[in-house]
Each structure stands twice: as C-alpha cells, then as structure tokens.
Amino acid sequence: MQKTSADILFDNKQIVPKEFNKVADKYDFATSMSQGYQEDLNRSGQLLQLKGDELVLDVCCGTGKSTLSFLDKITTGKVICIDNSEGMLAVAAQKFSKQIQQGKIEISLQDAMQLDFATNSVDAIFMAYGLRNMPDYEKCIGNLHRILKPGGQLVIHDYSLRDVWYAKPLWAILGYGFIVPFCTIVSGSANIYTYLIKSVLNFLNPSQISILLEKKGFTNVTIHNHPSWRSLFFHSFRAIKK
Ligand SMILES: C[S@@+](CC[C@H](N)C(=O)[O-])C[C@H]1O[C@@H](n2cnc3c(N)ncnc32)[C@H](O)[C@@H]1O
C-alpha cells in the first residue's frame, strides 16, 4: 500500500518541524479556534513552580503560546525558546520582540533530540506538544534529564490518551472527522494535521509516560488531568530530577 504524507512524517519525525514551516503563519489563528488551547497550556505552565530567577527552556516552543503560559513568573531569570522550525520561531520572535531586546527571552533553532546545553545547567524545562514528535521518546527524556540541574523541574504537556477502550475510537472520530478538515481549511495544509491524529493514536498513555520518566531518573512524578472532555485526550506531567 502506498504511504500517505502523514505516514512519511510519522516514519521520519525529524522532518516534522519543516512541515510546521508551512502552517506557521496560520498556527496562532488555528489554535485560537481550539476550545481551551491556551487555558490548558496555562494550567500546565503553572505546574512549573518558579521563583522568577530561573533559566527555563521551552522545548518545541512553536510560536510561543506555551511560553506565554509561564512567562509572567520570570522576573530576573531567562527563557530560551527552542524549536527546529524557522517559520514557527519567526512568529515567536515577532511576538516576543520586546522581551528579546530586554534579554529576558532568547530564540534558538535546535533539534530537541540533540539539545546543546551543558550537563546540570538548566533549572526548568517545559515541553508542550513536543515529546510525541520525538523519534525516540526515551532518548529525548534522557537528554532533558542530563541538562537539568539536580532538583530541576520538567513539565510535559501533550495529547496522551487515557488508557480506556473508547479513547482511541473517539480520538479518531474527532481527529479525522473534525480536526483535519477544519484545520486544513484554516491553514491550507492537511499533512501536519493528519500526522497529528496518527501520532496521538500511537503515542504513550499517561502511565507509560510516568514509568518512562521514572526509568530515566526522575522522581516525584505526578500526572495532571484537564477539564471536561479534554481529560480523555490531554495530560500533563511534572517530574523532578533526582
Ligand atoms: C504542536 S507545536 C507546539 C508549539 C507550542 N509548544 C505550543 O504549545 O503551542 C509542536 C512544535 O514542535 C516542534 N518540533 C517538532 N519536532 C521537533 C524537534 N525534533 N526539535 C525541535 N522542535 C521540534 C515543531 O516545529 C512545532 O513548532
């Protein structure tokens, strides 16, 4: 059977950021139409217990909507917004031009699988809708663990389907029946959204993520639900480096 564009992206996740280039200028509008998108991010961003002076990485920051979820907590500290899509970072750079000038935010084009930071150098990491896009979840979590300082915090926010029989069929109906057609009309590109549905269907469930975090050396791992119907599809995770 011939592979679809979504299959090709799924099998070659390192090219996913380049696909995001095609939808970057429509991304904020498309997500603003998704009920609770920013509120869910804000809820997860607040799981980072920040004092204000930390070095925080927003890994897979996209256009910076995830950065907005905790930015107001940073006073003397600094946020480095990391993504491997030039297009998504260009939108983030425009959004945060004032904070970039002030030195509060830095924008960095990097592959999240090979982050260029020293061991034990970062206070906190936020990764929203990023882990699912990694070609190797375990290697990615291992790298995040390496660069965090002991006691450093990791918060992950992603689609992770609750481990009940009806979660996958409901997600497939919502995804292929509504999200793909709607987002294709809004953004003019179907590939990344068809890939989204497939990547969620194949991603880890919440307890598998929790086990993976513990396996890679994190402690105090907690799983957080989102309200109403979204509790079936979205979860957040907070973990501390031992
Ligand atoms: C769904 S967007 C999420 C953006 C943002 N965190 C938010 O919550 O709105 C996923 C982002 O992950 C980025 N991404 C995917 N794979 C990546 C990789 N290997 N390295 C860096 N960024 C990656 C994409 O370019 C895209 O901007």
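Only a predicted model underlies this, so the values are computations on that prediction, with no experimental measurement involved. Every number for a ligand or one of its atoms is a count from 1 in the order of the listing. Start at 1 with the first residue, then count along the sequence.
Tyr137 pairs by the ring pair (Phe, Tyr, Trp, His ring centres under 6.0 Å) definition with Phe203, not counting sequence neighbours.
Side-chain atoms of Asn21 and Ser85 include a donor-acceptor pair closer than 3.5 Å.
With salt bridges taken as basic N to acidic carboxylate O contacts below 4.0 Å, none links Lys13 and Asp136.
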Enumerate donor-acceptor pairs with a distance under 3.5 Å from any side-chain N or O in residues 161-183 to protein atoms, sequence neighbours excluded.
unit_1 : atom_1 : unit_2 : atom_2 : d
Arg162 : NH2    : Ser231 : OG     : 3.1
Lys168 : NZ     : Leu201 : O      : 3.0
Trp171 : NE1    : Ile197 : O      : 3.3

Identify every side-chain donor-acceptor pair in residues 67-78 under 3.5 Å, counting partners at least two apart or on other chains, and give the distances.
unit_1 : atom_1 : unit_2 : atom_2 : d
Thr67  : OG1    : Asp58  : OD2    : 2.6
Ser69  : OG     : Ser66  : O      : 2.5
Lys73  : NZ     : Gln46  : OE1    : 3.0
Thr75  : OG1    : Gly52  : O      : 3.3
Lys78  : NZ     : Glu106 : OE1    : 2.8

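For ligand 1, residues of the protein lying within 4.0 angstrom by heavy-atom distance are Pro17, Phe20, Tyr27, Tyr37, Leu41, Cys60, Cys61, Gly62, Lys65, Ser66, Asp83, Asn84, Ser85, Met88, Gln110, Asp111, Ala112, Ala128, Tyr129, Asn133, Met134.
Looking at every heavy atom in both residues, Lys216 comes nearest to Gly142 through CE-CA, 3.8 Å.
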